[in-house]
Number of protein chains: 2
Amino acid sequence: MQECASSKVKTATLGAFRSLLGAHARLLWQLDLELNESHGLSFADFEVLLHLYATEGGELRLSELAELALVSRSALSRRIDSLVGQGWVSRRSCPTDRRGTFAVLTDIGRLKVDESVVTHDAVLTRMLSKRLGDEDLGTLQKMLDEVVDRQ
Amino acid sequence: MQECASSKVKTATLGAFRSLLGAHARLLWQLDLELNESHGLSFADFEVLLHLYATEGGELRLSELAELALVSRSALSRRIDSLVGQGWVSRRSCPTDRRGTFAVLTDIGRLKVDESVVTHDAVLTRMLSKRLGDEDLGTLQKMLDEVVDRQ
DNA sequence: ACGAAATAATTGCGGGTGCAACCAAATATG
DNA sequence: CATATTTGGTTGCACCCGCAATTATTTCGT
């Protein structure tokens with residue numbers, strides 16, 4: 001009759017969770033480091049710029065952008081303030097919904113992504129592609145999506 | 001001759017990375033939410049307490065604890081301040097190295113973990129065990145560890 | 001069509017974080 | 001043995017974040 005209160009979850013569950021935390025921390029730390037020292041850009045800033053870059057017309061509603069970047073609307077609002085200040089993004093009010101605002105990637109912003117995406121891709125290639133084959137990456141993605149899907 | 005500058009990384013790599021960000025955000029958000037509303041505890045606080053709880057004697061050097069909790073030493077130092085203030089942890093100076101300090105889980109702190117670990121485990125079980133079998137969790141862990149291992 | 005409820009974005013606020021600087025103590029170097 | 005270097009921990013600083021409240025606008029319900 002042991003107490004054994006240390007954890008009721010199966011060790012496989014806890015182990016996978018800890019590894020997820022570790023991999024996330026390591027990847028983000030490395031991305032933030034290299035983006036900062038090579039381009040003076042935080043990963044959070046890069047993330048926002050990349051989502052705009054990858055979108056038809058280079059513009060997105062702020063609420064959509066917040067959802068894509070996995071941050072709150074307030075955080076995104078201030079991030080856009082900062083990116084506007086740097087000249088990489090501009091705001092455009094939505095013509096069909098006067099509450100709404102688009103974030104628009106400027107030409108200078110596009111150039112910034114062109115140069116910094118190289119660093120971004122290099123880190124991901126080095127830390128993911130080089131260590132896990134394409135097939136593994138596919139199953140990894142599928143498993144992780146299971147955690148998010150259906151609520 | 002297209003520009004195709006949107007991203008040079010293989011889509012499998014970027015996809016897995018995005019899924020990692022998503023799963024991490026979702027898990028942390030849920031854990032933080034439920035730990036807070038059930039026990040008034042942030043995930044960051046719980047994390048620190050759990051590492052102490054899982055250790056022989058319930059004490060760890062601050063530097064070790066920072067490494068385990070994946071935060072900077074300064075962040076951990078302030079976190080311990082807070083946990084000491086709540087009575088869940090106490091500091092003990094290391095007898096063999098007068099620079100060092102142990103964080104020690106108090107009896108009250110142990111009780112706090114006893115009750116809150118239930119919520120923690122429930123979330124992990126619901127979001128991981130119920131959606132991925134033990135075998136999948138094992139391969140998931142192995143893959144994620146590849147990202148961290150060797151530097 | 002009109003008031004109620006929902007939605008988009010912003011802002012104040014409290015709080016958390018990492019970096020760099022700092023001090024104290026231990027260890028390495030000559 | 002003296003001194004330089006490294007290591008453990010704390011603090012000042014600047015910054016970033018989410019929550020809740022606010023304002024403006026749109027949509028829903030009847």
Side-chain angles (χ1 to χ4, degrees), chain A residues 21 24-37 40-49 52 59-86 89-104, chain B residues 21 24-37 40-49 52 59-86 89-104:
Chain A
L21 293 182
H24 177 269
R26 186 77 181 80
L27 271 167
L28 268 287
W29 183 83
Q30 194 70 32
L31 278 167
D32 215 57
L33 181 76
E34 300 199 17
L35 283 172
N36 250 301
E37 66 186 19
L41 211 55
S42 69
F43 175 71
D45 280 339
F46 175 81
E47 178 86 339
V48 169
L49 294 178
L52 291 173
E59 65 177 32
L60 278 168
R61 288 290 291 271
L62 297 196
S63 53
E64 284 184 85
L65 199 42
E67 203 164 340
L68 287 171
L70 303 171
V71 294
S72 70
R73 291 187 181 184
S74 59
L76 185 83
S77 182
R78 280 182 264 255
R79 189 148 299 288
I80 297 295
D81 287 344
S82 159
L83 294 174
V84 168
Q86 309 251 15
V89 169
S90 65
R91 281 187 166 87
R92 186 172 76 85
S93 53
C94 174
T96 72
D97 183 342
R98 295 199 301 175
R99 295 168 301 180
T101 306
F102 286 100
V104 190
Chain B
L21 294 181
H24 177 269
R26 185 78 181 79
L27 272 167
L28 269 286
W29 183 83
Q30 193 72 31
L31 278 167
D32 214 56
L33 180 77
E34 300 199 17
L35 283 171
N36 251 301
E37 67 186 18
L41 210 56
S42 69
F43 174 71
D45 280 339
F46 175 80
E47 177 86 340
V48 169
L49 294 178
L52 291 174
E59 65 177 31
L60 278 167
R61 288 291 291 271
L62 297 196
S63 53
E64 284 184 85
L65 198 42
E67 203 164 340
L68 287 171
L70 303 171
V71 295
S72 69
R73 291 187 181 183
S74 59
L76 184 84
S77 183
R78 280 183 266 254
R79 189 147 300 287
I80 295 295
D81 287 344
S82 160
L83 294 173
V84 169
Q86 309 250 18
V89 169
S90 64
R91 281 187 167 88
R92 186 172 76 84
S93 53
C94 176
T96 72
D97 183 342
R98 295 200 298 175
R99 294 168 303 178
T101 306
F102 286 99
V104 190

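Within every chain, numbering begins at 1; the chains are lettered A, B, ... in the order of the sequence lines, protein sequences first and strands thereafter. Just so it is clear, the values below take in all heavy atoms, side chains as well, and ignore hydrogens, waters and symmetry mates.
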Test ring-ring contact (aromatic ring centres under 6.0 Å, His included) applied to A/Phe46 - qualifying residues, sequence neighbours left out: A/His120
Starting at atom CG of A/Leu62, determine the distance to atom P of C/dT7, rounded to an integer number of angstrom. 17 Å
Across all chains, not counting sequence neighbours, the side chain to side chain donor-acceptor pair (under 3.5 Å) partners of A/Asp97 are A/Arg99
Using every non-hydrogen atom in the two residues, find where B/Leu52 and B/Ala103 come nearest and quote the distance to one decimal. CD2-O, 3.4 Å
Once side chain to side chain contact (heavy atoms under 4.5 Å, CB included) is applied, do any residues pair with B/Glu64, and if so which ones, sequence neighbours excluded? B/Leu60, B/Arg61
When A/Trp29 and A/Arg91 are each assigned the nearest nucleotide of DNA chain C, the 5'-most assignment goes to A/Arg91
CG (B/Leu35) and OG (B/Ser42) are apart, to the nearest 0.5 Å, by 8.0 Å
On DNA chain D, reading 5' to 3', which nucleotide is the first and which the last to sit with an atom under 4.0 Å from a heavy atom of chain B, could you check? D/dT7 to D/dC13
Pairing residues for A/Asp32 by the salt bridge (Lys or Arg N to Asp or Glu O under 4.0 Å) criterion, not counting sequence neighbours: none
When you measure from the side-chain N and O atoms of A/Arg61 to the phosphate of C/dA9, is any distance below 4.0 Å, counting only OP1 and OP2? yes
Can you tell me which residue among A/Val48, A/Leu49, A/Val104 is in a side-chain contact (heavy atoms from CB on, under 4.5 Å) with A/Val89? A/Leu49
Kindly write out the residues that satisfy side chain to side chain donor-acceptor pair (under 3.5 Å) with B/Glu59, not counting sequence neighbours, or none if the list is empty. B/Arg92
Report each atom pair, protein N/O against N/O of nucleotides 22-28 of chain C, whose distance is under 3.5 angstrom.
| from | atom 1 | to | atom 2 | distance (Å) |
| --- | --- | --- | --- | --- |
| C/dA26 | OP1 | B/Arg98 | N | 3.0 |

Shortest non-hydrogen contact from B/Leu62 to B/Phe102? CD2-C, 4.3 Å
Starting from the first five and the last five pairs of the helix from C/dA1-D/dT30 to C/dG30-D/dC1, work out the angle between the resulting helix axes, to 10 degrees. 40°
Which distance, rounded to the nearest 0.5 Å, do you find between the CG of B/Leu27 and the NE2 of A/His24? 11.0 Å
Starting at the 5' end of DNA chain D, which residue's closest nucleotide do you reach first, B/Arg78 or A/Leu76? B/Arg78
A/Leu33 CG - C/dT17 P separation (whole Å): 20 Å
Residues from residues 67-75 of chain B lying under 4.0 Å of DNA chain D - heavy atoms: B/Arg73, B/Ser74
A/Phe43 CZ - C/dG18 C1' separation (whole Å): 17 Å
Taking only distance into account, with no hydrogens and no angle test, what donor-acceptor pairs under 3.5 Å do side-chain atoms of residues 69-83 of chain A form with protein atoms, sequence neighbours excluded?
| from | atom 1 | to | atom 2 | distance (Å) |
| --- | --- | --- | --- | --- |
| A/Ser72 | OG | A/Ser74 | OG | 3.1 |
| A/Ser72 | OG | A/Ala75 | N | 3.1 |
| A/Arg79 | NH1 | A/Asp45 | OD1 | 2.5 |
| A/Asp81 | OD1 | A/Arg91 | NH1 | 3.0 |
| A/Asp81 | OD1 | A/Arg91 | NH2 | 2.9 |

Rounded at 0.5 Å granularity, tell me how far CG in A/Leu41 sits from CD in A/Glu34. 13.5 Å
Rounded off to whole Å, could you give me the CG-to-P distance for the A/Leu65 and C/dA9 pair? 10 Å
